[in-house]
Amino acid sequence: MLCSKCRRPAIIYQRYSGLHLCRNHFVADFQAKAKRAVRTHGWLSPGDSIAVAFSGGKDSAALLHFLHGLTCGRRDLRLYAITIDEGISGYRDPAIAAGIAQTLGVEHHIFSFREAFGTTVDEIVRLRGDSLSCSYCGVLRRRLLNTAARSLGANRLALGMNLDDEAQSVLMNTLRGDALRLTRGDTRRAGLIQRIKPFMYIPEREVALYAYLHVEGFLAGSCPYAHNALRADVRNLLNDYAWRHPSTRHSLVRLGEELSSIGTGTGSEPRFCPECGETCGETCRSCQILAEISRDDE
Ligand code: SF4
């Protein structure tokens with residue numbers, strides 16, 4: 001197949017646009033979409049410090065490469081990479097993330113569950129069973145990312161979520177009937193470092209291709225507890241449907257944005273946990289989890 005724009009050999013076909021793209025036109029299209037997302041949301045301003053949640057996997061490796069390219073000529077912006085070590089044996093060696101950050105020349109920091117919470121996901125699984133691994137890990141990782149970014153003085157937390165992730169979240173919240181999450185814009189809640197997601201309009205397979213083209217040695221394995229992730233069913237369902245209706249993910253993300261712009265008011269009320277001082281919902285889930293684990297430990 002030849003590139004729809006220049007007739008060179010194509011490396012990807014975008015089903016939703018009907019375009020075949022060569023390497024150069026793919027990279028140009030990818031970066032234009034990510035930059036447009038940053039611009040339209042007002043996600044970068046002079047003086048910003050951006051912490052990138054950097055696991056060393058394909059999404060975050062692509063994100064670190066993209067943001068490094070976007071900010072490296074700017075003296076008014078700072079970029080850090082943050083790696084969270086959840087303590088899952090055989091998965092996510094922080095040294096690999098450190099090596100990629102070093103190659104790019106990006107300041108890198110590692111924060112661990114062990115240091116922050118006195119436990120690891122492996123230990124939680126031993127105490128509480130395998131099935132809750134992702135619910136516990138996700139809550140604690142979000143909290144640690146927020147406190148880590150704040151401790152570095154960052155005012156933006158960049159996440160590698162892609163179009164597939166975002167569409168799955170909208171569909172999951174819909175299937176759960178979770179109107180609050182659907183109508184609550186979470187990026188500007190008090191106490192939360194503002195989250196930015198430059199790849200939210202770019203399909204996962206394009207983010208993976210961008211990473212393959214630009215970053216050597218990113219982590220490719222999957223977490224041993226991934227079978228417990230709630231979104232696995234939704235991912236399969238959506239992949240199947242989107243194969244027949246290629247613009248479905250874009251439509252879901254647009255729907256999610258429209259609903260979150262409505263806002264209900266209740267979701268935007270700042271609440272802070274009396275135990276840890278972090279921002280939280282009705283109850284601080286991370287403190288509940290830590291209390292449960294320490295009870296089990298006694
Ligand atoms: Fe954590 Fe689950 Fe993701 Fe593994 S798959 S890193 S346990 S959230």
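As the structure is a computational prediction, the values presented were derived from the model and not from experiment. In listed order, ligands and their atoms are each counted from 1.
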Without hydrogens or angle criteria, can the side chains of Gln14 and Asp29 be said to hold a donor-acceptor pair below 3.5 Å?
->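 Side-chain D/A pair, Gln14 to Asp29: present.
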Any luck finding a side-chain donor-acceptor pair between Asp122 and Tyr225 under 3.5 Å?
->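 Yes.
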Phe218/Tyr212 aromatic ring centres below 6.0 Å |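 Yes.
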Proximity of His108 and Tyr80 rings by center, below 6.0 Å =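 Between His108 and Tyr80, the centre distance exceeds or equals 6.0 Å.
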Residue and atom, protein N/O/S, under 2.8 Å of atom 2 (Fe) of ligand 1 =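 N, O, S partners closer than 2.8 Å: Cys134 SG.
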Among Asp48, Val52, Leu77, the one residue meeting side chain to side chain contact (heavy atoms under 4.5 Å, CB included) with Arg156 |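 Exactly one option meets the side chain to side chain contact (heavy atoms under 4.5 Å, CB included) with Arg156, and it is Asp48.
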Residue pairs involving residues 132-143 (criterion salt bridge (Lys or Arg N to Asp or Glu O under 4.0 Å); sequence neighbours excluded) =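 For residues 132-143: Glu86-Arg141.
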Atom 6 (S) of ligand 1 [closest protein heavy-atom partner, distance rounded to 0.1 Å] =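 Closest protein heavy atom to atom 6 (S) of ligand 1: Arg141 NH1, 3.6 Å.
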